[in-house]
S.K.: 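I'd like to ask some things about the structure below.
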Amino acid sequence: MLASAPSLTLQQAVDRTLEHNLGLAVTRLDAWRALDAVDVSLSVFDPTLAWTNRLNGSRTPTDILNDDPAFRAHSSDLSLSQRYTWGGTLSLGTSLTRTWADSGAAGLASTFNPATNIAYTQPLLAGGWQAVNLTALISARQSALRSRLSLRATALDLIRDAEVGYWTLASARALVAFRETSLRSATSLLEQIQSRRSLGDATILDELQAEADVAAQRVGVLNARQALDNAEMGLRRLLGQGTAEDVDQPLAVDPLPTTAVPAAASFAPWIRVVADFDFATEIQRANIVQADALVAQAEQNDQPSLNLSVGSGRYGEGGVGAGVSGGLDNYRRQAGWTNFAELRFSFPLGFREAEANLRAASRSRRQAELRLADVRQSLVFSARATWRELEAARARVEAATSALELQRQSYEGERARFAAGQSDLPRVLQAQASLDAAQLAWVQSHLDARAASAKVARLDGSILTRHGFTMDVVEQKVGAGLGPADPLPPLTTTP
């Protein structure tokens with residue numbers, strides 16, 4: 001005889017959900033992609049090294065008429081540029097240019113001219129300063145924060161769903177056991193009726209009523225087993241057990257506890273804890289930070305363009321046949337120089353685009369504020385409903401437990417009176433139906449209490465301590481059963 005599979009504990013179910021749930025693993029990758037986008041936004045401030053080589057030649061109509069040789073040149077330019085967060089761009093460069101004519105030996109006909117240059121450009125109005133140039137980075141960081149908070153919220157939602165799914169399966173098994181007990185009772189009653197009918201103490205109508213009750217109880221058992229299968233598949237989906245081999249294996253869980261779930265704290269202090277812990281509120285705050293950055297950018301760009309550019313260059317002219325060293329010597333001893341300063345002013349007539357962008361950014365900021373207010377308001381309503389749900393479920397457990405015991409005693413008493421000939425079959429069947437309803441209400445009340453407790457714990461964050469977790473531990477567990485993954489960096493901003 002094969003040993004029964006060990007029961008999956010609630011803690012094991014929660015751990016497996018975090019480690020193997022595919023949807024949660026996808027959300028984790030979304031958080032990583034958002035962090036990668038931050039690096040992309042930062043990359044615009046990385047130094048850029050450029051190397052350009054150019055070969056060109058020319059021969060004018062006059063050269064052709066005079067039978068002069070074509071002019072040839074090869075230049076090699078190396079530059080390093082750096083963009084700064086305040087909008088300025090610094091460029092450093094060096095170049096070496098070789099020129100020669102087609103006639104004569106190439107080495108003797110060539111001249112080598114080295115040069116160096118430095119230039120800096122700074123937007124003073126539109127396009128300048130950090131309000132404009134850090135907007136993309138701020139948006140990327142806020143997007144990464146939102147993705148990270150969304151991952152944490154989704155993970156906690158799955159822990160809650162795993163608890164609810166676990167106790168749903170346990171309650172479905174309890175209901176199947178109740179239905180099977182009712183079927184056995186109905187079968188024994190039918191056998192008792194058939195025995196009485198053989199003695200002439202029962203009618204054919206009594207037997208037909210008893211058979212109908214047995215058939216109804218069989219239907220109840222089938223329905224309960226179907227609900228059990230649905231509950232098992234729901235839990236398997238959360239656990240990431242979706243293969244045919246997984247489904248073939250039995251999924252045993254602990255029995256549905258009959259102990260009372262703890263009551264929630266008083267609503268006023270509890271809702272403040274919930275508000276401080278709410279991830280949706282923090283996500284909306286991140287949207288406001290991003291909207292502020294867009295408004296600041298639009299305000300800065302709602303100005304004319306005024307760009308200041310300054311630069312300087314040095315160059316040496318090598319003689320024909322002097323080679324590279326001759327050009328460098330002239331560069332060191334008697335370099336030529338060029339300096340420049342440029343102030344460029346421009347603006348679109350009407351500023352229509354800039355003003356429209358500013359209006360749109362301001363409206364987006366107002367939308368973000370209203371969404372935050374809506375999230376806070378909705379949180380109060382939904383949290384209040386969940387809090388009341390727990391209180392009502394706890395009360396229903398007490399009432400359903402008392403009703404079940406009374407209905408059981410009533411049914412047993414009615415059966416005893418029927419056996420003694422002091423009651424009739426309709427009363428027994430009515431007592432059986434009342435007992436079945438009381439059993440269903442008892443199972444449902446305990447499931448509702450467990451589910452409401454999980455929802456309350458999810459809202460105030462106590463679901464973490466309930467399972468011995470911290471948010472960092474939860475993040476480390478996400479997707480751990482689906483292969484190696486890079487750990488997410490610490491998150492300093494948390495609700």
Side-chain angles (χ1 to χ4, degrees), residues 8-38 142-170 230-247 249 251 253 274 277-284 286 375 379 382 386 450-451 453-495:
L8 179 74
T9 66
L10 176 59
Q11 187 61 50
Q12 290 171 340
V14 169
D15 288 339
R16 181 171 178 85
T17 297
L18 292 174
E19 294 170 359
H20 293 83
N21 187 272
L22 298 176
L24 187 59
V26 171
T27 304
R28 187 180 190 275
L29 290 176
D30 287 339
W32 262 120
R33 290 177 58 195
L35 289 173
D36 293 336
V38 174
Q142 296 307 310
S143 178
L145 175 60
R146 290 194 299 270
S147 296
R148 191 68 171 275
L149 294 174
S150 179
L151 170 64
R152 294 189 167 196
T154 303
L156 293 187
D157 289 343
L158 273 177
I159 295 175
R160 176 203 61 203
D161 293 344
E163 281 198 28
V164 174
Y166 186 91
W167 296 127
T168 299
L169 179 56
N230 292 339
E232 183 176 327
M233 292 304 103
L235 181 57
R236 286 188 186 278
R237 176 180 290 276
L238 293 172
L239 297 177
Q241 295 180 344
T243 65
E245 294 78 7
D246 290 333
V247 174
Q249 297 296 322
L251 182 58
V253 296
V274 171
F277 186 77
D278 185 54
F279 289 98
T281 300
E282 291 301 313
I283 289 174
Q284 290 305 319
V375 165
L379 177 63
S382 62
T386 303
R450 295 286 162 181
S453 177
K455 293 175 183 177
V456 166
R458 161 62 184 91
L459 288 175
D460 61 21
S462 61
I463 200 168
L464 290 170
T465 55
R466 176 183 293 188
H467 296 284
F469 291 154
T470 63
M471 278 311 319
D472 291 336
V473 171
V474 168
E475 286 187 337
Q476 292 171 7
K477 284 181 172 291
V478 171
L482 301 174
D486 296 331
L488 288 165
L491 180 62
T492 56
T493 303
T494 57

S.K.: Spell out, as yes or no, whether a donor-acceptor pair under 3.5 Å connects the side chain of Thr386 to the backbone of Ser382.
M.R.: yes
S.K.: Starting at OG1 of Thr168, measure out to OH of Tyr166 and round the result to the nearest 0.5 Å.
M.R.: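 Reported value, rounded in 0.5 Å steps: 12.0 Å.
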S.K.: At what distance, to the nearest 0.5 angstrom, does CG of Asp15 lie from CZ of Phe469?
M.R.: 4.5 Å
S.K.: Side-chain contact test, heavy atoms from C-beta onward, threshold under 4.5 Å: evaluate it for Leu151 versus Leu488 and give yes or no.
M.R.: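 Counting from C-beta outward, Leu151 and Leu488 do come under 4.5 Å.
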S.K.: Is a salt bridge present between Arg160 and Asp157, judged by a nitrogen-to-oxygen distance below 4.0 Å?
M.R.: yes
S.K.: Could you pull out the closest heavy-atom pair between Asp460 and Ser462, with the gap in Å?
M.R.: OD1-OG, 2.6 Å
S.K.: How many angstroms lie between CD1 in Ile159 and CG in Leu464, if you round to the nearest 0.5 Å?
M.R.: 6.0 Å
S.K.: Which heavy atom of Asp161 sits nearest to which heavy atom of Leu238, and what is that distance?
M.R.: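 For Asp161 and Leu238, the tightest heavy-atom pair comes out as O-CD1, 3.3 Å.
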S.K.: Nearest 0.5 Å, what's the CG-CG distance between Leu169 and Asn230?
M.R.: 11.0 Å
S.K.: Which residues satisfy the side-chain contact (heavy atoms from CB on, under 4.5 Å) test with Pro489, sequence neighbours excluded?
M.R.: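 Residues passing side-chain contact (heavy atoms from CB on, under 4.5 Å) with Pro489: Trp32, Leu35, Arg148.
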S.K.: Find the distance between CG (Leu18) and CD (Glu475) and round it off to the nearest 0.5 Å.
M.R.: 11.0 Å
S.K.: Tell me the closest heavy-atom pair linking Ile463 and Ala454, and the distance in Å.
M.R.: CD1-O, 4.2 Å
S.K.: Among pairs that include at least one residue of residues 17-29, which meet salt bridge (Lys or Arg N to Asp or Glu O under 4.0 Å), considering only residues two or more places apart or in two chains?
M.R.: Glu19-Lys477
S.K.: Any heavy-atom pair between the side chains of Arg152 and Asp472 that's under 4.5 Å?
M.R.: yes
S.K.: If you measure from the Lys or Arg side-chain nitrogens to the Asp or Glu carboxylate oxygens, is any gap between Glu163 and Arg458 under 4.0 Å?
M.R.: no
S.K.: A side-chain contact here means heavy atoms from C-beta on lying under 4.5 Å apart; do Trp167 and Leu10 qualify?
M.R.: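 Result yes, sub-4.5 Å side-chain heavy-atom pair found.
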S.K.: Using the test salt bridge (Lys or Arg N to Asp or Glu O under 4.0 Å), find all partners of Arg236 that sit at least two apart in sequence or belong to another chain.
M.R.: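 Per chain and number, Arg236 pairs via salt bridge (Lys or Arg N to Asp or Glu O under 4.0 Å) with Glu232.
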S.K.: Are any of the side-chain heavy atoms of Leu491 and Leu145 separated by less than 4.5 Å?
M.R.: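 Heavy-atom side-chain distance check passes, below 4.5 Å.
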S.K.: How far apart are the closest heavy atoms of Gly240 and Arg16, and which atoms are they?
M.R.: O-NH2, 4.1 Å
S.K.: Compare all side-chain heavy atoms of Ile283 with those of Val375 and state whether any distance is below 4.5 angstrom.
M.R.: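 When only atoms from C-beta onward are counted, Val375 and Ile283 do not touch, as no gap falls below 4.5 Å.
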S.K.: Under a 4.5 Å cut-off applied to non-hydrogen side-chain atoms, are Asp246 and Leu239 in contact?
M.R.: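 With C-beta onward as the side chain, the pair stays apart.
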S.K.: Atom CG in Asp278, atom CG in Leu379: separation rounded to 0.5 Å?
M.R.: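 That separation rounds to 4.5 Å.
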S.K.: Show the nearest heavy-atom pair for residues Ser143 and Ala34, with the distance to one decimal.
M.R.: O-CB, 4.1 Å
S.K.: Taking all heavy atoms of Val14 and all of Ala162, pick out the closest pair and write down the distance.
M.R.: CG2-CB, 4.3 Å
